[in-house]
Amino acid sequence: MPTYWTKTLIPTLRQVPAEAEVPSHQLMLRAGYLRKLSAGVYDYLPLGWRSLRKAMQIVREEMDAIGAAEVFLPAMQPIELWERTGRRIAYGQNLFVVKDRHGREHALGPTHEEVITELVSAYIESYKDLPKVLYQIQTKFRDEFRPRFGVLRSREFQMKDAYSFHLNLDGPPGSGSLSETYDAMHGAYCKIFQRCGIPYMVVEAESGPIGGSASHEFMCPSPTGEDVILQNDAGYAANVEKCETGKRTFDINAAPTGGLQEIYTPDCKSIDDLCAQWKEFAGGGKLKPENTLKTRVYEIRVYKRTGDDWAIWIAVVRGDREVNDGKVRHHIEQQYKHNIDVLRVEVAPISDERAQDLGIPLGFIGPHFVGSVTEPKLQARIWNIFDYEAANGGFWVTGGNRVNYHVRHYCMRREFGWNDHDGPITCDILNLIHHTQITDIRNAVEGDPAPEDRGGGTLKVTKGIEIGHIFKLGYKYTEALEVTVVNENNEPVKPMMGCYGIGVNRILASAIENEQGHDDNGIIWPRALAPFDVLLVPIKYDGQVKDVTDNLAAEMEAAGTDVLIDDRDERPGVKFKDADLIGVPLRVTIGEKGLSEGMVEVKSRNGRINEKVAPDSAAARIAQLLASL
RNA sequence: CGGGGUGUAGCUCAGCUUGGUAGAGCGCUUCGUUCGGGACGAAGAGGCCGCAGGUUCAAAUCCUGUCACCCCGACCA
């Protein structure tokens with residue numbers, strides 16, 4: 001049966017609701033796809049739900065095609081599971097927690113690793129049961145601090161999550177390794193986004209707090225995207241958390257620009273404030289952020305078999321750059337990698353209280369902090385890590401290592417105590433004597449050199465919407481929840497996991513958000529996601545026009561085409577405007593004028609098709625045209 | 001959670017400074033004329049001015065509190 005406009009619910013809005021900022025949000029509200037119930041919580045109206053279901057179905061088909069089995073899991077999950085995996089704390093405030101009448105707490109699942117792992121632990125006992133790939137498409141919950149951009153960042157959303165379980169990371173084809181499934185998922189994701197007709201790119205990603213070794217994000221390039229992607233011309237693409245830079249030059253022997261001078265800078269802890277007030281502090285002149293050195297202090301906890309230890313690392317980048325926590329963490333972890341005594345290393349920005357206890361004046365720290373420390377126990381534990389860019393000569397302003405003071409004419413070589421006649425220092429000397437290392441620790445920016453082994457060249461910045469993410473998870477959940485299977489030798493072993501998510505609502509938003517997805521008049525759907533394939537617009541739904549419309553609709557529906565009939569008693573202008581707004585790919589206009597010439601008019605929303613067809617052959621022609629979209 | 005802003009009709013907003021019985025446009029209802037790109041005329045319906053206190057003869061308007069929403073930041077598989 002075709003759908004009649006007057007029977008369904010399509011509340012189009014002439015004006016843009018004030019709350020909507022990005023095109024997808026504005027248009028989904030205006031075109032009657034969505035209604036906001038409260039912050040970050042939306043009703044999907046008939047059009048919205050139809051489109052969402054189309055996206056879900058594509059995802060479902062491609063998951064099934066690679067042998068994944070669909071399940072349906074609880075949204076309400078015992079909090080105990082989340083405590084056992086440590087994710088109650090890791091998720092923190094973003095986790096929705098509800099209490100039942102007995103006072104027991106439950107998490108409203110933002111993902112289902114815990115639940116699926118528990119499920120698998122109950123039934124999977126032997127290596128012969130592996131690999132196993134399960135997935136679900138369900139509502140997930142996140143207590144976002146700040147929901148925004150409509151369905152792009154909401155508190156309730158539809159996710160496809162797939163989880164796989166394996167004996168091995170790698171292996172020959174057909175061995176059921178994690179890598180094999182990971183690659184199959186990678187392929188399935190490409191097919192899904194292709195079928196949905198949305199532009200996408202695959203970028204390398206940090207696996208983040210979820211843990212694991214390898215990870216890719218699927219991004220839809222869009223100016224409204226919240227994620228920053230860097231890429232070179234040779235096909236290297238990574239998100240900003242992951243993106244490495246190629247070689248950048250540095251000069252640790254550069255001469256100072258003047259004698260080190262203390263400047264009194266009361267209560268001035270940020271680079272922005274420092275630059276803004278520099279004139280009064282320094283008695284004239286201007287200071288730009290790129291002439292400052294920013295320091296961030298990390299505390300490292302080292303858990304060893306022979307007793308725990310700790311250290312302080314000071315990360316130094318140019319004042320206008322951002323320290324990349326992940327790069328700092330990786331670099332520090334590398335330092336302990338070959339020490340078999342070390343069980344685990346924790347790297348975290350130092351807390352205010354801890355800094356106070358140790359006498360570290362946060363906000364006024366410079367890279368030469370160690371020189372101002374008199375306590376030998378602390379002194380021996382301090383390490384520096386410079387970004388390449390920060391290890392250069394030139395005019396530098398940085399912290400004075402004393403509350404309310406900064407210094408100017410900072411010079412690395414001199415501040416480490418080397419005189420002009422001492423000859424050049426080397427990286428080895430810096431490392432051995434000064435506990436100081438130089439590497440890439442800041443977020444990559446537009447124009448940085450790309451890594452040489454990834455094709456080199458220059459990095460360019462693109463913004464994107466994250467629509468999919470695949471991880472090799474490893475043992476995080478099977479270990480925490482104590483899952484074992486027996487191997488060929490009847491020995492208990494932990495299976496390893498992969499997890500693979502797709503934000504289904506974001507598929508819709510991305511389709512609209514990208515350039516081909518909308519114009520000034522409304523949405524332009526790719527056929528695969530459109531709520532209907534064809535919109536029939538009878539100029540006046542009456543008499544011969546009505547008969548032709550109904551016959552055409554019946555014929556097309558019989559052939560499996562989704563048809564919407566605008567049977568409203570509205571003026572043609574209103575119908576055409578609404579047709580453009582809701583974005584159905586093909587519009588067929590049936591009017592007395594056309595019929596008198598024996599024609600109906602077929603137009604595509606994307607503007608490529610505009611032809612007149614005899615009513616009798618219209619259904620066949622439309623089917624043809626649809627196939628070409 | 002810090003900073004800023006807004007809550008008045010289904011939607012977009014005015015009115016608030018200077019207290020005196022609630023407004024416009026769009027949408028909705030009825031009638032008429034229209035009818036291939038958001039028609040025109042006439043007549044209507046619709047709001048405890050977010051909520052709770054307070055000041056006052058009188059509060060949408062002033063004060064206090066509270067809630068919700070939006071923006072920037074921080075945060076974010």
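Only heavy atoms go into these numbers, but all of them, side chains included; no hydrogens, no water, no symmetry mates. Note that the coordinates shown come from a computational prediction; the quantities given were computed from them, not determined experimentally. Chain letters run A, B, ... following the sequence lines, proteins first, then strands; residues in each count from 1.
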* What is the distance, rounded to the nearest whole Å, between atom CD of A:Glu19 and atom C1' of B:G10? -> 13 Å
* To do: Between B:U21 and B:U17, how far apart are the P atoms? Round to whole Å, please.
  => 14 Å
* To do: With a 3.5 angstrom cut-off on both distances, give the Watson-Crick or G-U wobble partner of B:C1, or none if there isn't one.
  => B:G73
* Asked: Do NZ/NE/NH1/NH2 and the carboxylate oxygens of A:Lys494 and A:Glu479 come within less than 4.0 Å?
  -> yes
* Asked: Does B:A68 have a Watson-Crick or wobble mate here (both distances under 3.5 Å), and if so which one?
  -> B:U6
* Asked: From B:C35, B:G36, B:G38, pick the nucleotide closest to the side chain of A:Lys540?
  -> B:C35
* Structure fact -> In whole angstroms, the gap separating P of B:G73 from CD1 of A:Ile271 amounts to 19 Å
* For atom CZ of A:Arg587 and atom P of B:G37, their distance in whole Å -> 10 Å
* **Among B:C11, B:C76, B:G37, the one nearest A:Asn94 by side-chain distance** => B:C76
* Asked: Can you find a donor-acceptor N/O pair under 3.5 angstrom joining the side chain of A:Arg148 to the base of B:C70?
  -> no
* Asked: Can you tell me how far C1' in B:G7 sits from the matching atom in B:C48, rounded to whole Å?
  -> 15 Å
* Asked: In the strands shown, is B:G41 matched to any nucleotide by a Watson-Crick or G-U wobble pair with both distances under 3.5 Å, and which?
  -> B:C31
* Asked: Would you call the rings of A:His216 and A:His186 parallel, tilted or perpendicular if under 30° counts as parallel and over 60° as perpendicular?
  -> perpendicular
* To do: Report the distance from atom CG of A:Asp578 to atom P of B:C26, rounded to the nearest whole Å.
  => 17 Å
* Under 4.0 Å between any heavy atoms, over every strand shown, what does A:Gly92 touch: base, sugar-phosphate, or nothing? Just pick one. => nothing
* **NZ/NE/NH1/NH2 to OD/OE distance under 4.0 Å, A:Asp550 and A:Lys546** => yes
* Just checking A:Lys603: base, sugar-phosphate only, or nothing, at a heavy-atom cut-off of under 4.0 Å? -> base
* Asked: Considering only the P atoms, how many Å lie between B:C40 and B:G53, rounded to the nearest integer?
  -> 46 Å
* Measure distances between side-chain N and O atoms of A:Gln15 and base N and O atoms of B:G27, and say whether any donor-acceptor pair falls under 3.5 Å. => no
* Any A:Arg14 side-chain nitrogen or oxygen under 4.0 Å from OP1 or OP2 of B:C26 -> no
* **Atom P, compared across B:A60 and B:G23: separation rounded to whole Å** => 13 Å
* Is A:Val537 touching bases, backbone alone, or none of the nucleic acid, heavy atoms closer than 4.0 Å? -> nothing
* Between B:U12, B:C70, B:G38, spot the one nearest the side chain of A:Ala18, thanks. => B:U12
* For nucleotides B:G38 and B:U34, find the distance between their C1' atoms and express it as a whole number of Å. => 15 Å
* Spacing of the C1' atoms in B:G65 and B:A22 (rounded, Å) -> 26 Å
* Asked: Closest nucleotide of RNA chain B for A:Ser38 versus for A:Leu13: which of these residues is on the 5' side?
  -> A:Leu13
* Tell me: CZ of A:Arg568 to C1' of B:C28, nearest whole Å? -> 14 Å
* **Residue pair A:Glu144 / A:Ser154, side-chain donor-acceptor N/O under 3.5 Å** => no
* Asked: In terms of side-chain heavy atoms of A:Arg153, which of B:C76, B:G37, B:G36 is nearest?
  -> B:C76
* Would you indicate what A:Lys36 reaches in the nucleic acid, counting non-hydrogen atoms under 4.0 angstrom: base, sugar-phosphate, or nothing? => sugar-phosphate
* To do: Considering only atom C1', compute the distance from B:G19 to B:C62 and round it to an integer number of Å.
  => 8 Å
* Name the nucleic acid region contacted by A:Arg35, choosing base, sugar-phosphate or nothing; use a 4.0 angstrom heavy-atom cut-off, strictly under. => nothing
* To do: Cation-pi check, A:Lys140 to A:Phe157: give yes when NZ or CZ is under 6.0 Å from the six-membered ring centre and within 45° of the ring axis, no otherwise.
  => no
* Starting at atom CZ of A:Phe576, determine the distance to atom P of B:G38, rounded to an integer number of angstrom. => 10 Å
* Roughly, in whole Å, what's the span from CG in A:Leu45 to C1' in B:G10? -> 14 Å
* Asked: Can you find a donor-acceptor N/O pair under 3.5 angstrom joining the side chain of A:Arg30 to the base of B:G27?
  -> no
* Asked: Going by atom types only, do A:Glu70 and A:Tyr135 share a side-chain donor-acceptor pair under 3.5 Å?
  -> yes
* Residue A:Val574, side-chain heavy atoms: nucleotide from B:G38, B:U34, B:U12 that is nearest -> B:G38
* For atom C1', what is the distance between B:G27 and B:G47, given to the nearest Å? -> 16 Å
* Asked: Nearest 0.5 Å, what's the SG-CD1 distance between A:Cys220 and A:Ile198?
  -> 5.5 Å
* Could you give the CD-to-C1' distance, from A:Glu322 to B:C75, as a whole number of Å? -> 13 Å
* To do: Salt-bridge test for A:Arg87 and A:Glu114: reply yes if a basic N is under 4.0 Å from a carboxylate O, no otherwise.
  => yes
* Asked: Who is the Watson-Crick or G-U wobble partner of B:C57, with both distances under 3.5 Å?
  -> B:G20
* Between B:G37, B:C69, B:U12, which nucleotide has the shortest distance from any of its atoms to the side chain of A:Pro17? -> B:U12
* **5' priority, RNA chain B, between A:Met599 and A:Glu466 [closest heavy atom]** => A:Met599
* Which part of the nucleic acid, if any, lies within reach of A:Glu601 when heavy atoms closer than 4.0 Å are counted: base, sugar-phosphate only, or nothing? -> base
